[in-house]
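Encoded as structure tokens, the structure appears first; notes follow it.
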Number of protein chains: 2
Amino acid sequence: MHSQHSSQPVFRALADPTRRVIIAMLAEGPRRIGDLVVEFDMTRPAIAKHLAILKQGGLVCVENKGRERINRLNPDALKSAADWINQFEQFWDEHLTKLKAVVERET
Amino acid sequence: MHSQHSSQPVFRALADPTRRVIIAMLAEGPRRIGDLVVEFDMTRPAIAKHLAILKQGGLVCVENKGRERINRLNPDALKSAADWINQFEQFWDEHLTKLKAVVERET
DNA sequence: TTTATTAGATACCTTTTGGTTTCATGTCAA
DNA sequence: TTGACATGAAACCAAAAGGTATCTAATAAA
């Protein structure tokens, strides 16, 4: 049952709402840190820390372009979180089946 | 793009490795707190707190049975986290398509 | 070659988190 | 009814998380 690959950094990265918004923004296209900062009521070091955690989780990768740094979303890491959750797909299928059975018996 | 329902408590619940193990255990069947505690190198209050956070996230619900309390996994909440992640399914499909194209050009 | 732009690094602070010990409560069974 | 069992609750603590202000470094453009 328990999957092996440590999904800890990914779930940790997903835990913060600011980071999830950053993920949504990067899904629309690559951004520099400055581009992200102006969207939040927060200083740059704060966003930089969030990006660092997203990188740790493998969710974001960076490309150096002169003095700029382009941040890109790496969807593969997100997929690994989805995979962990989907371990339980079978469980909730059964759950819904049972629920349906109960409802049908009651009507 | 951004889904409305606050998924914060769910992702917060998923962030801790102990809680994810608890989820995996409850997926095999309902358990009392005591049953969970013996599986960890941790005191009961610690597990109780983790369960409280899982309940907050809607991932676990409890049924009082005399002096016992049966904890059950609620898969619907897990599904909401999966839904959030799946918002980006299209993105990583595109990503993989582009990657494939690059690889094919290089060979 | 200055000057503005884009960004990383460091030190610091406050709140939250994850854990503990200790004590109180309700229920089943002898 | 007394004791054992299953659990909840409160007070406390160290470490991590999330934020700030400030300083430094590299590149582009005037």
Side-chain angles (χ1 to χ4, degrees), chain A residues 2 6-26 29-74 77 81, chain B residues 6-26 28-74 77 81:
Chain A
H2 309 248
S6 170
S7 42
Q8 178 53 22
V10 184
F11 279 110
R12 190 211 166 194
L14 289 174
D16 186 272
T18 301
R19 289 195 288 270
R20 290 201 302 281
V21 173
I22 292 178
I23 288 173
M25 293 176 66
L26 292 183
R31 301 284 151 90
R32 299 169 302 175
I33 290 204
D35 299 327
L36 296 172
V37 170
V38 296
E39 303 285 338
F40 294 90
D41 187 20
M42 215 176 286
T43 60
R44 185 183 353 205
I47 299 295
K49 279 190 186 181
H50 283 306
L51 277 175
I53 292 171
L54 288 167
K55 285 167 203 164
Q56 263 187 260
L59 284 157
V60 168
C61 50
V62 199
E63 177 194 1
N64 284 28
K65 206 100 181 178
R67 70 179 158 183
E68 301 179 350
R69 299 202 166 172
I70 312 299
N71 298 276
R72 285 198 169 75
L73 182 62
N74 172 23
Chain B
S6 171
S7 41
Q8 177 55 20
V10 184
F11 278 110
R12 192 216 164 191
L14 288 174
D16 185 89
T18 300
R19 289 195 287 268
R20 290 200 303 280
V21 173
I22 291 177
I23 289 173
M25 292 176 65
L26 292 183
E28 295 170 355
R31 300 284 152 91
R32 298 170 303 175
I33 290 205
D35 299 328
L36 296 172
V37 170
V38 296
E39 303 286 338
F40 294 91
D41 190 19
M42 215 176 284
T43 59
R44 174 145 27 101
I47 300 294
K49 280 190 184 179
H50 283 306
L51 278 174
I53 292 171
L54 288 167
K55 286 167 203 165
Q56 263 187 261
L59 284 157
V60 168
C61 50
V62 200
E63 176 195 359
N64 283 27
K65 204 98 181 180
R67 68 180 159 181
E68 300 179 352
R69 298 202 167 174
I70 312 298
N71 298 275
R72 285 199 170 73
L73 182 63
N74 172 24

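Lettering of chains follows the sequences in order, A, B, ..., and the numbering in each one begins at 1.
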[X] [atom1] to [N] [atom2], straight-line distance once rounded to whole Å:
X: B/Gln8; N: C/dT16; atom1: CD; atom2: P; answer: 13 Å
X: A/Asp41; N: D/dT20; atom1: CG; atom2: C1'; answer: 12 Å
X: A/Leu36; N: C/dA7; atom1: CG; atom2: P; answer: 9 Å
X: B/Leu51; N: D/dA9; atom1: CG; atom2: C1'; answer: 15 Å
X: B/Arg31; N: D/dA6; atom1: CZ; atom2: P; answer: 16 Å
X: B/Asn64; N: D/dG8; atom1: CG; atom2: C1'; answer: 11 Å
X: B/Glu63; N: D/dA6; atom1: CD; atom2: P; answer: 17 Å
X: A/Asp16; N: C/dT16; atom1: CG; atom2: P; answer: 13 Å

State which of [options] makes the closest approach to the side chain of [X].
X: B/Ile33; options: D/dA6, C/dG19, D/dG8; answer: D/dG8
X: A/Thr43; options: C/dT20, D/dT20, D/dT7; answer: D/dT20
X: B/Lys49; options: C/dG26, D/dT27, D/dA11; answer: D/dA11

Taking for each residue the nucleotide of DNA chain D with the nearest heavy atom, is it A/Ile53 or A/Gly66 whose nucleotide lies nearer the 5' end?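 Here A/Ile53 is the residue nearer the 5' end.
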So which heavy atom on A/His50 is nearest to which on A/Asp16, and how close?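 So the two residues come closest at CE1-OD1, 3.5 Å.
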Which atom pair, heavy atoms only, marks the closest approach of B/Ala81 to B/Val10?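 The answer is CB-CG1, 3.8 Å.
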Please classify the nucleic acid contact of B/Ala46 as base, sugar-phosphate, or nothing, using heavy-atom distances under 4.0 Å.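 B/Ala46: base contact, heavy atoms under 4.0 Å.
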Sidechain-backbone polar pair: A/Arg19 side chain, A/Ala13 backbone, donor-acceptor under 3.5 Å: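 Flag set: sc A/Arg19 to bb A/Ala13 pair under 3.5 Å.
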Has the side chain of B/Arg20 got a donor or acceptor atom that lies under 3.5 Å from a matching backbone atom of B/Leu14?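 The answer is yes, because a donor-acceptor pair under 3.5 Å joins these two groups.
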Using a cut-off of less than 4.0 Å, is there contact between a side-chain N or O of [X] and OP1 or OP2 of [N]?
X: B/Arg12; N: C/dT16; value: no
X: A/Arg32; N: C/dT5; value: no
X: A/His50; N: D/dG19; value: yes
X: A/Arg44; N: C/dA9; value: no
X: B/Arg19; N: C/dG18; value: yes

Is it the case that the base of C/dT6 and the side chain of A/Arg67 share a donor-acceptor contact (distance under 3.5 Å, atom types as modelled)?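 Donor-acceptor pair under 3.5 Å: no.
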Short N-O contact, B/Glu63 and B/Arg69, less than 4.0 angstrom: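 No.
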